Amino acid sequence: MKIHVSKENIKLGKIANISFPQDSCQPDVPCKQDCYTNKSYKMYPNTRKAWHENYQYYLDDQERFFRSIEDWLWKNKPSFFRWFVSGDIPSQSFFIGMDNIADSFDKIKFLVFTKNHQLHFDSKNSNNLQVVLSMWTGWGDSTIHPNMRRAWVQTKDQQETRIPIDAIQCFGNCEKCGICFQFDGIGRDVFFMKH
């Protein structure tokens, strides 16, 4: 078995990324039904297969999974790496593995959006792993982890009133923008129109 890392996609541009299926997400997240990755999951059998194989690889052998990520990073040397276009951080031990990788590759900027707000993020050692808490309209505790950055979703039919006034709107294409990789440094949140 091998990991499947994508070197680009339509939304991100040329940003290396790895994904899991929705099985890795917390069961109570409100976005499963409307997740924008559902379309790719249904339309592209190779994408679906890669996401499931990545997740199974992790479940079968966590240490080997992270070694394979490290090998890929040494070989490809990307400037940016995004965890989970689809899926989420499944456990605290996975988060520790992500943090250890970022700490070992200090020239690469890493980014993850997560709805797994129960994790202990204060254990993070790396300075180049940007963790952003995903907030769905009316969902997510804005008081938990108060010093962390957040990604807010705004929908047409239900207004999210908690978005900070100085939050930056995302219009897509991480390759051209890249600001989410440095939100801790600028101290601002981001918001997306539901897509």
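If you're wondering where the values come from, they're calculated on a predicted model, not measured in any experiment. Numbers here simply count residues along the sequence, with the first being 1.
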**Message:** Under 4.5 Å between side-chain heavy atoms, counting indirect links through other Ile/Leu/Val/Met/Phe/Trp/Tyr residues: same cluster for Trp74 and Ile108 or not?
**Reply:** yes

**Fill in**
Smallest heavy-atom separation, Lys2 atom then Asn54 atom, equals O-OD1, 4.3 Å

**Request:** Report whether Leu59 and Val5 are members of the same hydrophobic cluster (ILVMFWY, side-chain heavy atoms less than 4.5 Å apart, transitive linking).
**Result:** yes

**Request:** Classify the ring geometry between Phe105 and Phe110 as parallel (under 30°), tilted (30 to 60°) or perpendicular (over 60°).
**Result:** perpendicular

**Item:** Same apolar cluster (I L V M F W Y, side chains within < 4.5 Å links), Met193/Ile163
**Value:** yes

**Message:** Using 0.5 Å steps for rounding, measure from the CG atom of Asn17 to the CD atom of Glu8.
**Reply:** 9.5 Å

**Message:** Atom CG of residue position Asp61 - does it have more than 12 heavy atoms of other residues, nucleotides or ligands inside 6.0 Å?
**Reply:** yes

**Fill in**
Smallest heavy-atom separation, Phe121 atom then Asn116 atom, equals CZ-O, 3.6 Å

**Item:** Minimum heavy-atom distance Arg149-Asp184, with the two atoms named
**Value:** CG-OD1, 3.4 Å

**Message:** Between Val131 and Leu119, is there a side-chain heavy-atom distance shorter than 4.5 Å?
**Reply:** no

**Request:** Can you spot which of Leu12, Ile179, Asn9 makes a side chain to side chain contact (heavy atoms under 4.5 Å, CB included) with Cys174?
**Result:** Leu12

**Complete:** Smallest heavy-atom separation, Gln92 atom then His120 atom, equals OE1-N, 2.8 Å

**Arg188 side-chain N/O to Asp166 backbone N/O, donor-acceptor pair under 3.5 Å** = yes

**Item:** Where Asp189 and Pro164 come nearest, the two heavy atoms and their spacing
**Value:** OD2-CG, 3.5 Å

**Message:** Quick check for you: to the nearest 0.5 Å, what is the distance between Leu129 atom CG and Asp106 atom CG?
**Reply:** 13.0 Å

**Prompt:** Taking the six-membered ring for Trp, are the ring centroids of Phe20 and Phe84 within less than 6.0 Å of each other?
**Reply:** yes

**Message:** Name the residue from Phe183, Phe181, Trp83, Phe80 that meets the side chain to side chain contact (heavy atoms under 4.5 Å, CB included) definition with Leu111.
**Reply:** Phe181

**Item:** Derivation of the side chain to side chain contact (heavy atoms under 4.5 Å, CB included) call for Glu160 and Met135
**Value:** CA-CA 9 Å; Glu160 174 58 79; Met135 306 291 284; 5.6 Å; no

**Inter-residue atom distance Lys115.NZ - Trp139.CH2, 0.5 Å rounding** = 6.5 Å

**Separation of Ile89 CD1 from Gln118 CD (nearest 0.5 Å)** = 12.5 Å

**Asked** Of all heavy-atom pairs between Thr137 and Gln154, which one has the smallest distance, and what is that distance?
**Response** OG1-CA, 4.3 Å

**Request:** With side chain to side chain contact (heavy atoms under 4.5 Å, CB included) as the test, would you mind laying out the steps for Ser142 and Trp152 before giving the verdict?
**Result:** CA-CA 10 Å; Ser142 57; Trp152 304 87; 4.1 Å; yes

**Item:** Sequence-distant partners of Arg150, salt bridge (Lys or Arg N to Asp or Glu O under 4.0 Å), two or more places apart
**Value:** none

Side-chain donor-acceptor pairs of residues 95-104 under 3.5 Å, sequence neighbours excluded:
unit_1, atom_1, unit_2, atom_2, d
Asp99, OD1, Asn125, N, 3.3
Asp99, OD1, Ser126, N, 3.0
Asp99, OD1, Ser126, OG, 2.6
Asp99, OD2, Asn125, N, 2.7
Asn100, ND2, Ile96, O, 3.4
Ser104, OG, Asn100, O, 3.1

**Rounded distance (nearest 0.5 Å) linking atom CZ of Arg82 with atom CZ of Phe113** = 5.0 Å

**Prompt:** How long is the span from the CZ atom in Phe66 to the CD1 atom in Ile3, to the nearest 0.5 Å?
**Reply:** 10.5 Å

**Request:** Tell me, with the steps shown, if Tyr58 and Ser91 meet side-chain hydrogen bond (donor to acceptor under 3.5 Å, both in side chains).
**Result:** CA-CA 11 Å; Tyr58 161 70; Ser91 66; 3.0 Å; yes

